[in-house]
Amino acid sequence: MMRKHSSHIEAGSSSCCSGTCYCSKKVKVTICVVIWTVIAVIVALILAVIIKAATLQELFERMELGARDDPVFMSATEQEILERSQRLVDAISYRTISFSGTNLSLEAMTDFGTFLERVFPNLHDSDFVTFTPINTYSRLYRIEGTEKTLNPYLLCAHMDVVPEGDFDLWTHDPFDAGIVTESDGQDYIFGRGAIDDKHAVLGIMEALEYKVVNKEQPKRTFYIGFGHDEEVSGYLGAAEISITLEKMLKDNGEELDFLLDEGMFVVADIIPGINVPLIYIGVAEKGWAVVDLDAEGDQVHSSTPPLESSIGILAHGVANMEDNKQPSMFGKGPEIDTLRYAAPHATFLLKMILGNLWLFSGLVSSALELSSQTDSIQRTTTAVTIFNAGVKENVVPSQAHAVVNHRIHPSDNLEDVLELDRENADRVKVTLRDSFPPSEVSSYSNDVIPFQIVVNSALEVFPDAKPVPGLMVANTDTFHYKNLTDKIYRFTPVYNLPEDIARFHGIDERISVDIYSKVVQFYYRLMVNADFDVKIAPTAQVEVKPEEVEEFLEILEESDYESPINNTDSNLLPLTKVMEESDENSANETDSHLMILQDIPEEPNENPSNETDSGLPPSQDILEEDFDAMPVNETYSDMLPLESAPKDLDLYDLTPEEETFSNRTID
Ligand SMILES: CCCCCCCC/C=C\CCCCCCCC(=O)N[C@@H](Cc1ccc(O)cc1)C(=O)O
């Protein structure tokens, strides 16, 4: 019904006739204000997005580990590179295949151990290397450092491999290919284990052999653990190494500072718009669940098939599980920092998106979903790995069985995953067979020295790549080492394009001779960089005589110095006494009065971490656990609060070099 025309329009109201609207001035003004406000908000948003993109800062700040402008590498003549490559080829020829937890290739593993001892004779014969066989086949090495003040670290790798799969699909024999020149003109070491994980086993051994031959005893003690059943979860290898190592650490009064295992890699072209390779360090690892799926139906003659067979019911449930994925956890795990760290290296358009995840996280999550590789970093994955039913072509079977393997995102939980499985599975019975939870996230802030050691070593071999922390989407032996340290990194410097990622456990696994050479150099650089704490010590070393200590204590007593027991200030400067015995091999002469001041990050760090991470115990740990227990005459040297220490104390005669250091930290 048409509204009656009114000639009288009240102020503040409006009226329409035949589609024509009459608005009062006030309404018009209001509409204008609303429209302009909306436009202003949109313009402001666009400006904010552009400004954020234009001012994106690199999140990883490289800490120079000593004088590293010109890092020293292992010598690498063409002949040496070839010999090292040939040793990897030989390593691959040992069929150290793990078929299942109860079907390992133990004879091949024994031979592989003998091979390692034969081709790396010097390290096995070295005074400072101790080898302990674990559970017969796994291997644990202790490399004694010359400095006893630094906590050791652990390098891990595994000696077993998965079966080759479909042999006919391989271009070359997976265990006997040698070095092959491919169509891209590059030489490749082909075969099962080339990137998972014999390159790491051999790379670590090459670096250590070189150090032994060249009498480069490391300053920091470290351990090497090679498991023999990683591919079937490491319960016989890594789990046992972990038990022995825990005991060794305890006996030696050590704590493990950090560990590095296989895992992620250098990856290029994985995100369109990021045109630099990424040094992707796994700082966390997904959890694991194996789920059995069982469907039942009638067993009948195939000439009179049932309306629904057990196979049909199972197929329907499985298809539902694939169609309705577990939900995206984007923004709740390390994947967000993968993108935040990568963002400054993106095209401007992508910078606008990645620099403004508060606005575009939905869009980014949908983009990640476009590839199964990128999708795996943002959600719990569902892989149907086994599907079995039927025994004869004319019998409809009563039972059908499938297995699903989930990798659980760190922000997801098993109960929720199973609930969605049951919803999707419909009439299929869902039973959890086994599981373990996702790992903790290891700290990766810029002041975490172990993270810096790993990243610096990678940057030294891939100077143009950019480091990003991220989620390890598969699993490693690190699960068994989680009690030993909370700083666990998963990385080997293999270079992968997206299509190469399929070579892990896939067909035509290979590594180029050039990249393998970088792998070897990486482990060598890591062993050098891990001695960093000792290297910074010369500027920080202060000799203290006993009478000066007395004087210091007296002054402290007289001053208004606040006890560090109640002081949790992160500026506390821990001092550790160097062990009494000095070592002849050490480049730094030490005596019982020598102390090392730990470097202190000058700026607060973005990432929430209270750790000082220098290889020394964190200051808070000392406060809470050790301080009370310390004899009074030792506490003076172990904890000097920078802020509260009397500034006019003139305890030490400092060299100009020492003074620079002391000014930098204390003033
Ligand atoms: C934006 C960047 C996106 C990057 C996306 C990267 C996708 C990566 C895809 C594949 C990674 C390949 C990982 C290699 C894994 C090597 C270790 C391994 O094979 N583990 C096995 C065996 C295992 C080990 C320990 C366990 O507790 C269970 C199983 C595995 O199945 O995970």
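All ligand and atom numbering here is 1-based and tracks the order in the structure. Nothing here was measured: the structure is a model prediction, and the numbers come from that model.
With a heavy-atom cut-off of 4.0 Å, Ile271 touches ligand 1 through its side chain alone.
Distances from atom 3 (C) of ligand 1 to the heavy atoms of Phe504, Tyr280, Trp288 show the closest one on Tyr280. Evaluated by nearest non-hydrogen atom to atom 26 (C) of ligand 1, the leading choice among Asn475, Thr492, Leu471 is Asn475.
Taking every non-hydrogen atom of Met264 and a distance limit under 4.0 Å, the qualifying atoms of ligand 1 come out as 6 (C), 8 (C). Close contacts between ligand 1 and Phe436 involve ligand atoms 27 (O) [criterion: under 4.0 Å to a heavy atom]. Taking every heavy atom of Met472 and a limit of under 4.0 angstrom, the matching atoms of ligand 1 come to 15 (C). For ligand 1, the atoms sitting less than 4.0 Å from at least one non-hydrogen atom of Gln373 are 5 (C), 7 (C), numbered in the order shown with element in parentheses. Taking a cut-off of under 4.0 Å to the non-hydrogen atoms of Ala474, the atoms of ligand 1 that pass are 15 (C), 32 (O).
At a threshold of 4.0 Å, the pair Glu209-Arg84 does not count as salt-bridged, since none of the basic side-chain nitrogens sits closer than that to a carboxylate oxygen.
Taking only nitrogen or oxygen atoms, main chain and side chain alike, Ser376 does not reach within less than 3.5 Å of ligand 1.
Taking a 4.0 Å cut-off on heavy atoms, Ser233 registers as neighbouring ligand 1. Residue contact annotation: Asp196 has a non-hydrogen atom under 4.0 Å from ligand 1.
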